[in-house]
Each structure stands twice: as structure tokens, then as C-alpha cells.
Amino acid sequence: MEALNINLLHPQQRVGENMSRWQQAGGGTALRIATKDTAALVPTIKDADLRGLGGSGFPVWRKWEAVAKEAANPDKYLVCNGNEDEPGTFKDRLLLEETPHQIIEGALLAALACGINRIVFYINPDLTRSLAALKGALAQWQDGELLQLASNALGKPVKMELVPGSTHYIGGEETAAMEWIEGRLSAEGKFPFPRGKPPYPAQCGIYGCPTLINNIETLAHVPAIVRNGAEWFRDLGIGQGAGTKLYSLSGDVLHPGVYELPMGTTLRDLIYVHGGGLLSGKPLKAVFTGGPSNTLLTPDDLDVNMDFESLRERGGSLGTGAMIVVSEGTGMVKRVAEYARFFAHSSCGQCPPCKTGTATISRLLDRIDTGRGTAADLATLETLCRMLPGSGRCHLVNGVVHLLDSSFQHFRHEYQQALK
Amino acid sequence: MKRGLSLQAALAAYRPDAELAPVPELDDPDTLLNSYHPDHLRGSMTKLTIGPNAGADCQRELADLLQAEAFIDEADLAGAQVTDTDVLVVGGGGAGCAAALAAAERGARVLLVTKLRLGDSNTVMAEGGIQAAIEPGDTAQQHMQDTLRAGHHAGDPALVAAMVGDGPEVIRWLIHQGMQFDQTASGDLHTRRAGGMTAPRIVHCRDYTGLEMMRVLREAVKQHRGIEVWDQSPVVELLSNERGQKCVGAVLGSLTDGSMRIVRTRSVILATGGLGRLHLNGFPTSNHIGATGDGLVLAYRMGARLCELDSFQYHPTGLVHPPHLYGKLVTEGVRAAGALLLNAHGQRFVDELQPRDIVSAAIIRECREGRGIHTDTGGVGVWLDTPRLERSQPGMLQQQFPKLLARTHHVGIDPRLEPILVHPTLHYQNGGVVIDVNGATSVPGLYAAGEVAGGIHGRNRIMGNALLDIIGFGRRAGIAAAAAEHDRGPKKITLEHVNRARRDLTLAGLPLTQRAPRILPAYTAAGKDIWKP
């Protein structure tokens, strides 16, 4: 238990909008350190092995380096992605509510590292309390000493803006986010359609400017790394993992909630030590990881370390760190059908395979779930699982397929039982 | 309890023409209530430990149900048929029908589900009438004051104002639906004055007002194209969104084949009625067989706030004799028409037109202190002096209370010649689910109307306000539910609120063995083993 909430969610950090209390707890020191030597930032982050915690697990330094290399055209943008909308993920909203200054400092550090002068906080408007907290916090930074310090170190003024998102799930995809933000900044009003890649945002993002997009949790880690050093951060992790991770635990557990634990904590520790075990003492059936766009874990995976590498080795994925626990007695077909419905509804519709593919999957699953499905329907689903991956501009369609495929792997018998 | 006279001895001593001493002065109604009203029985109250009312007083047997485990699990939903509708109305009594009609009139697709059959309800048992301030000289303000005062000022003034304001319109609407009311010789609506009222305000149809009301409502519902009715389909659990914070549907269990069906909807209106069949504190009840408080259990688990869970109405005049009619109602209309209450010694002991809780407490006092009349089968009660009423107004019983005469005629009692033995019977749940003037509960998507809703009658209801309440708030809930907006995004239906309740139960160290809602009383054949042990 001693490893719980040691960094991001440390009680000293959870001061909400109160800037002076945050500064008393050491807030702002990282920024002062960094302004003295901005070139050291990227190597430090590389050393710390900080990953993209919005789901990709992509090394942060590589994105940073790419943006840092580009010339400003005339600006460079940073998008702090807080469009959290995945079922089962509720970590960014907590960070925004309780530690907004930490996030702002992290964003400024990223800006210093990459030479960015425009920072956009892109927040899901349904998270009204997060939005209010960040708004209140940002107001205290404007014209403040710390922001001036950053602007001086950068050589031009840093502008920070708050842009509420579109309420669309797809708006969390990085190119879709840029599309929406462009629309909002120019008041044109665009739908957040994902763009094709390449060019990657690092070369050509918002208004064609080099753009860095990082998740809120990722950025929140940066100040502590700068303050305490890369080695300190790496040592927080267990096994192959570095640092800490916010796990959103939900479903049939006694104590659902957000737990900051060392990266690489086992599923068993999360569920049985921190989560208090399963409700009514039922056996564990499965865990939907990283939000449902990823794979399923089963009781066999209880002792796997939950970091990006270890899960990838098992054919799984950590994703956003959401763990939706499902106990014995839950119908998997119904659950998967519900998620498929979510994705079918969330598809933006610009890529035909995704638009029709997700809708077909959802329809077939509903049919099987309500006892009207046939063996042919099941076969169609399996064919779709092979056909669809990679057929869309973004990863949405892959997400459904991963989940479906994974449920076939572990719970095929339930699908067969439900057939007519 | 001290023993009074036997039924035979009391009957032999009874004289319809005996001189009566005036009623002794009631010095302190609160002392009377505290000493004798069943709500104040020692050991009948406990405190709730989980849920939105944690820490509040609650009747013990009800608390056990509110803090019980759900009937179903996720596993029961696998393979269940899913039906989509705009508004789901739970309950086929007066409030449910009024809500369904109001919602359907506004273009919503309505599914009305009922545990037994459409019209199997307490509405049909309402005998006395329905209140509305329609007489010259009477005002809605007076109606409101009477309601609040009789409810010991525990009612929500906004709700009471809404109800009394609806009164005349409700009567007009009912007449338009085809309901018949008794009229005066000149063709005006005939009104009576009943306990706790400052003016005659009860509009009625003989002594079967509720039955007549249900007749027209049932016809209107059956005829409406926008309303589908499913009988024998009790709700065993509500469904919530993925955060367990909004009601998005319900799970129905079929009483005919035991299957489960899922209904997805924009809004759910609970009109499930009361809980008399829980027989709180061992009392008999005037309620119908399905009145098992399901709505309270479902709403509480969903996170809706309840109120006045320690306050119930015991109707003063339930039949004691013969035993198979134990607890059945003799309408307050008889007292309103002038019938007196006499103890075993032929003495009056209370002003019969006091509010119901006071009259009930007074009857219990007489019985407990040895002035009651005992039957061979263990019943005890006091006289409702109908022969004296008949002597003063010959033919009046026949004309105004045909239902009473028919019922007693079957068992060989003629109330025109011999008095009726009565004792308080569990009649009404004063509190219930907290609602606003639109019938909305504290949970989005969940509405409540009728007896299951609380806050209107305070801690004691006066006669005639129940029928007004069910139509007035039934229609209000129907209108609001039909106007509820669709959710953005795909409809996700979960049992997250059940999980939340399970967590609370586990953390509070309460057992997970008892299951609720009760659906049917445990003493019925079907109620013993519904779906799960």
C-alpha cells in the first residue's frame, strides 16, 4: 500500500486551483530549473523512459524531438489532450480537478523543450468540474511570473488557451483533435474528422504548424521528472516499467476508483489489494483493459506486470490503464455487444470500412446476444476480424476488432451457446 | 392488553337508541399519538445504514427490504429480449394509467407494465371519494391548509400547492374521460366533508369512487394506440447508465413463464403503489395483494432519496369480523355521513372527524385499556355505530353505501341493525420517493407518482387526497417524462447501481442473503419462490 499515490496524486499535489499552496509544495521549481537549460529536457525525458499514457505507450521523447527539430511556421502548437471519453477511463478528469497546476507546468516544460509558443488545453466539455478547475488555474498563470519566465526562456510569448472538445469520442484521436481545434480557433466549426497520416502532426499539424500532442497524464509527470531526475522516476516502476501510472479501476470490485501505482504493478495487486477484491466474493472472469478498445485479460494474467512491454508480450495492451473488472456471472456477449455499439456510434463515418464494419459488427452481436444469431453470423464476424484491421485512417476500427477477436479467443463457447 | 367484552356480550348490551355522553375532551393529541399510534411502537423503528437516506429513521421491516440484495445478476440479462420505448410506466393503477395517458397524449410511445393485471390496484378500493375545492366558499388555499395541518406540517408546500391547484382540473378531466360522480338534486357535484377538513370537498361516486375511476382509466388506456400494456410483468430491477447515475430502463420478470425481458427507455415512471402487504408491525391491511413496496426498493437502490419512511397510515375502520375480511376497509365516508365510534361500554371516546392517525390511536387505546370488543378468533375492535345513523337518516346507507351493504350482506351482517366491529388497518404509506412538482425523483430519468411518491401528505393523509394525488401527479409525471430528452450517444444499460448497492452493503457489514423487491407476499404460493431463493 505504501506505493499508492506517491507522485501525481500525492496528497500535497492535490490542491485544486490553489496556486500558492501548490507552490509551497514545490510547484514551479521544475520550470525554474528548466529555464536555465532547456536543451537538457529532451534527454532527461528520454532517460526517464516516459511513455504516452493516453494509450499508445509511444516514447514521449521521440515526439518531442521530432517537434523540436522542426522550424516554427510561424508558430508551434502543443495540444494537451484531455478529451477523455473512453468507457472505463476516468483518470484525466481527476488530475484536472485536483492538480491543474501540475499539468500546466508540465505543458510549459514540454513547450520549452520543443520551442512551442501556443499551448491548447483540449478538454472534454462533459467534464464540467475539470473544465472549471483548469479555467480557474489558468487564470492565475496569465501575466504571472512563471509564465513570463517561460516566455523569456523561449524568446517569444507563450500563449495558453482552453478549448472545450466536441463531445465526440473520435475527437480524442490526435488528428481529429487538431481538426476540431482549428475549427474552434477560427470559429469555422469543423467536425473532428481524423486526418490521414503522414504527414504527422510533428511536421504539419494545426494550421500546418508543427504540433505536439500529449495526454494530460503524460504531461503531468514531467515536472516531477525535471525536479527529481530521470533515475528517480525510472526507479519508481516495477520490472520493465518506469514511473507510476494511474489505473482506473471499475466494474465488479469493492473499491472502484483511480489508483496511482508503480508502472508494472500486477493485476492481482490492483484488484485484490487496492480494489478490495471482487463483489460478493465472486470469481474473476475477465478484465477489459485500457478501455474497451483493447484486449481482454483473464485470470491467467493476474500476475502479469501491467506495463506496456509486459502486456504487449502477452498479446495485450495497457492502453489508458482502465481496468473494467467483470466477475463470473456476466454475459460476455452482451458486454462486447455493448462496446461494439459504442464504437459503431462513435465512428465518424469518413472511412467506409469503419462506418459499415462497426455497424455490422454491432448488429450481428446484438442479434447473437438476443438469441437470434446463427452460425453464419458468427462466421461473418470472424471474417470481419480479419478484414477490417488497418482499413481506417485512425485506429477506431482496429479497437473494435481487437476486442472482438480477444473475446473470441477466450470466450468462444459463450458465443456458440447463444446461437439459435 | 386488557381484555374487554366478548362480541356476544357487547352485541347483547348494544342499544342503537341509548343516550350518549359527549365525547371527552382530547387534551393532547401528541401524547395520544406517541402512546398508541403503531408508528411509535417500541422496537418498530431502526436507522438506515446505506443509501441516500443513511441515518434516517425507517420502519424495521421496510429497512430490511431497502437494504437487501437485488434479485438478478448480469447473468440473468444474457439473451434477454430487448424492447425500446420512450416512456416506461410501472404500475397499472390510477397513477400509472394517468401517467401513461398524459405521456401518450404528448406523442410518446408508452409501455405500461403491471405486476398483475391492468386495474389490479388499491385505486379500485378507494371508496370515499376525491377531494377538490369546487364548492362556493371553499378555496384551494383552505384545501392546502387542511392537507398540511393533517400531515403535521411535514408535507412539502410546493407539492401540496401543485396538488390542490390541480384539483378542479382533475375532476373536469375525469368527467371528460367518462367518470360518473354523485350529483345533488340540482345537478351539481355532491360533496361530503370528512375527517380533518374545514369544508365539504369530497366528490364521490357512491362508495366505489375508485372503482368507477379505474373503470374509465382502464378503458382509456386500452383504447389508446400509443400505449402498450404488458400484464403479469413485474419490474425486478431498474437499469442504469454506466455510472449508475441515470435510470435508462428496467428488467421485467414474467410471472407466467419466468423469463426476463429488458426495456430500454428515456424515462421510467414508478407508479407501483404502497406496501400494505408487508404487514408492518403485524397489522392487517386494506391493500391489494400486489402492494409490496417494490417501487421504494427499486428507487432506493437506484439512488433516489425517500422521505417519511417511519410514518404510515393505519385506517381507523378496518373490518375485524368475519375473520376472512380482516383488515378490509369500511370507508371513512360512513363516519363523514355521521356514524359514531363506540367502545365496548357503548361510550364515545373520540371525535370521529379528527384526522385518521388520531382516531386510529384512540381506537387502539380503547382496545389496549380493556374497553375493546373481542371475537372468538382473536380479533379486537370497537363499534362503528351504523344502526344509529340509519335511525337518524333512514335509507341513507342503502343509497350512499351500497358496496358496504353488499359486502356485509354476504357474510350475514346487516349494518342497519347491528354495529360493525372495526379496528385500525394498515392502509397507506405516507412517505415515499421524494419528487418535485413534475414527479421527477433525485435520479435523472426516474419519475414517481401516486402512493410510491412521498412528501405530499406529510405524516398523515386525509381522505380523498389519495385519488387527487394519483391523477394530478400521475399526469404531471407523464407530461414531464414524455418531454425528457434523449441521451447523446448509444444507450448503455448496466446494473452499475446494483453493484454500488452491493459495495455499500459489503462495506456496512450487512448480509447479502435477503433479496428484494418482494413482488408478492411470502404467504402466497407464487410469492414463495420467484426466480431465485
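Throughout, a chain's letter reflects where its sequence line sits, starting with A, and its residues are numbered from 1. Side chains are part of it too, since the values below use all heavy atoms of this structure and drop only hydrogens, waters and symmetry mates.
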In Å, rounded to the nearest 0.5 Å, how long is the span from CG of Leu77(B) to OG1 of Thr330(A)? 9.5 Å
Please report the interatomic distance CG(Asn499(B)) to OG(Ser327(A)), rounded to the nearest 0.5 Å. 7.5 Å
Is there a donor-acceptor pair closer than 3.5 Å between any side-chain N or O of Arg502(B) and the backbone N or O of Ser280(A)? no
Could you walk me through whether Thr506(B) and His255(A) satisfy the side-chain contact (heavy atoms from CB on, under 4.5 Å) test, starting with their C-alpha distance in whole Å, then the side-chain angles of each, then the deciding distance to 0.1 Å, before giving a yes or no? CA-CA 11 Å; Thr506(B) 312; His255(A) 302 292; over 6 Å; no
Cationic N near anionic O, under 4.0 Å, Arg503(B) to Asp252(A): no
Count the heavy atoms of every other residue, nucleotide or ligand shown that sit under 6.0 Å from [atom1] of [X], and state whether that count exceeds 12.
X: Gln416(A); atom1: CD; answer: yes
X: Arg117(B); atom1: CZ; answer: no
X: Arg109(B); atom1: CZ; answer: yes
X: Arg372(A); atom1: CZ; answer: yes
X: His395(A); atom1: NE2; answer: no

So if I take each residue of residues 348-364 of chain A and look for any heavy atom under 4.5 Å from a heavy atom in chain B, which residues do I end up with? none
Heavy-atom distance under 4.5 Å to chain A: side chain of Ile493(B), backbone, both or neither? both
By a 4.5 Å heavy-atom criterion (distance strictly below it), what part of Arg243(B) contacts chain A: side chain, backbone, both, or neither? side chain
Working note: Ile324(A) + Glu242(B), criterion side-chain contact (heavy atoms from CB on, under 4.5 Å); need CA distance, chi angles, decisive distance, verdict. CA-CA 11 Å; Ile324(A) 305 176; Glu242(B) 58 195 302; over 6 Å; no
Assert top hit (heavy-atom pairs under 4.5 Å, partner chain B, pool Gly251(A), Gly276(A), Gly371(A)) equals Gly251(A)
Shorter than 4.5 Å, heavy atoms on both sides: which option in Gln417(A), Arg335(A), Met332(A) has the most such pairs with chain B? Arg335(A)
Is chain B contacted by the side chain of Leu254(A), its backbone, both, or neither, given a heavy-atom distance below 4.5 Å? both
Is it the backbone or the side chain of Lys282(A) that comes under 4.5 Å from a heavy atom of chain B, or both, or neither? side chain
Counting heavy-atom pairs under 4.5 Å with chain A, which one of Asp504(B), Thr494(B), Leu507(B), Leu512(B) comes out on top? Leu507(B)
